[in-house]
There are 2 protein chains.
Amino acid sequence: MTISQVSQKYGLPADTLRYYEKAGLIPPVHRTESGIRDYQPEDCNWVEFIKCMRSAGLSIETLQKYVTLFRKGNKTLQARKALLLAERDRLQAQIKAMQTTLKRLNYKIDIYDDKIVHCEKNLH
Amino acid sequence: MTISQVSQKYGLPADTLRYYEKAGLIPPVHRTESGIRDYQPEDCNWVEFIKCMRSAGLSIETLQKYVTLFRKGNKTLQARKALLLAERDRLQAQIKAMQTTLKRLNYKIDIYDDKIVHCEKNLH
DNA sequence: ATAACGTTTAGAGTTAGCTCTAAGTCAAGA
DNA sequence: TCTTGACTTAGAGCTAACTCTAAACGTTAT
């Protein structure tokens, strides 16, 4: 698969795919003889994984660390697990904060309904 | 209340409080005769509200718009409600995405547990 | 074989959201 | 009154995460 096909498939700009690879969020992608990227299924899986993690707000730096550990093999299993646990906790806390804000938004919206009804009454 | 007391109370740097005010996320704060900020309870409520919304990821621009509408009075009730509805939908979608990622992280963590057990067995 | 279009790189530019600096003003204690 | 420390402003600087540019090279259709 070419970079533009992968870009299409995952809805990520080609520039971003190159940036992720250069930054080490994705292991080096396979290439044709002439040096053009030729994404293998395994490369696509990395793209999809990183897209998912980025969409939840995991930082570039954290994902770099994860991939760096991954590429060092089995001796980094514990470290990778610790990294994932830390990110999970962060994510859980963030979701909780967002749910609190969501409730508050809903409450505010209800109040707006009341206010609007009240104001329209006054028009007559 | 002085700016440093408000900074303490809400855990936001004084620079950030000034920035929010200058950017219009918070209506102009009350001042002493000599021009020093003297936060009234109503100013504090704005700070707390903006802090909550920012923590859930609402953008500076969106909050500027909301405050601008607010300061124009009752004729903007509908517009403000529409803005809140849009943000609520955005927030709900984001929470959903994060929950998906959370599940995936938990799944991955389980797999790491298995892998670690397997690797440690091989050490003997 | 040449036009047209896709891909490559290094590196510059952009945006959001702060964060810091400098130079000055104000308020309280010795 | 002088010093110390908090406050003020405008504006520069910073970081994360892209996004774009330029110049060169590859591929495909006519």
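Note on naming: letters A, B, ... go to the chains in the order of the sequence lines (proteins, then strands), and numbering restarts at 1 for each one. All figures in this text were calculated on a predicted structure; none of them were measured in a lab.
- By the 6.0 Å and 45° rule, B:Lys108 stacks over the aromatic ring of A:Phe49.
- Electrostatic pairing of A:Lys51 and A:Glu48 does not count as a salt bridge here, judged by no charged N lying under 4.0 Å from a carboxylate O.
- Protein atom NZ of A:Lys22 is 13 Å distant from nucleotide atom C1' of D:dT19, rounded to whole Å.
- Among the protein residues, B:Thr2 comes within range of the sugar-phosphate backbone only, with heavy atoms under 4.0 Å from sugar or phosphate atoms but none that close to a base.
- Within the 4.0 Å cut-off from OP1 or OP2 of C:dA16, not a single side-chain nitrogen or oxygen of B:Tyr19 is found.
- In this structure, A:Ile36 places its CD1 atom 17 Å from P of C:dC5, rounding to the nearest Å.
- Phosphate proximity of C:dT7 to A:Ser34: absent, as no side-chain N or O sits under 4.0 Å from OP1 or OP2.
- B:Ile60 places its CD1 atom 5 Å from the P atom of C:dC18, with the value rounded to the nearest Å.
- Atom CD in A:Glu33 sits roughly 9 Å away from atom P in D:dT27 (whole-Å rounding).
- Between A:Arg54 and D:dA17, a side-chain N or O to OP1/OP2 separation shorter than 4.0 Å is present.
- An OP1 or OP2 oxygen of C:dT9 is reached within less than 4.0 angstrom by a side-chain nitrogen or oxygen of A:Arg31.
- For the pair A:Arg37 and C:dT7, the criterion of a side-chain N or O lying under 4.0 Å from OP1 or OP2 is not met.
- When the C1' atom of C:dC26 is taken as reference, atom CD1 of B:Ile3 falls 15 Å away, rounded to whole Å.
- Among the protein residues, B:Arg18 comes within range of the nucleic acid bases, having at least one heavy atom under 4.0 Å from a base atom.
- Regarding B:Asp15, its CG atom lies at a distance of 13 Å from the C1' atom of D:dA6, rounded to whole Å.
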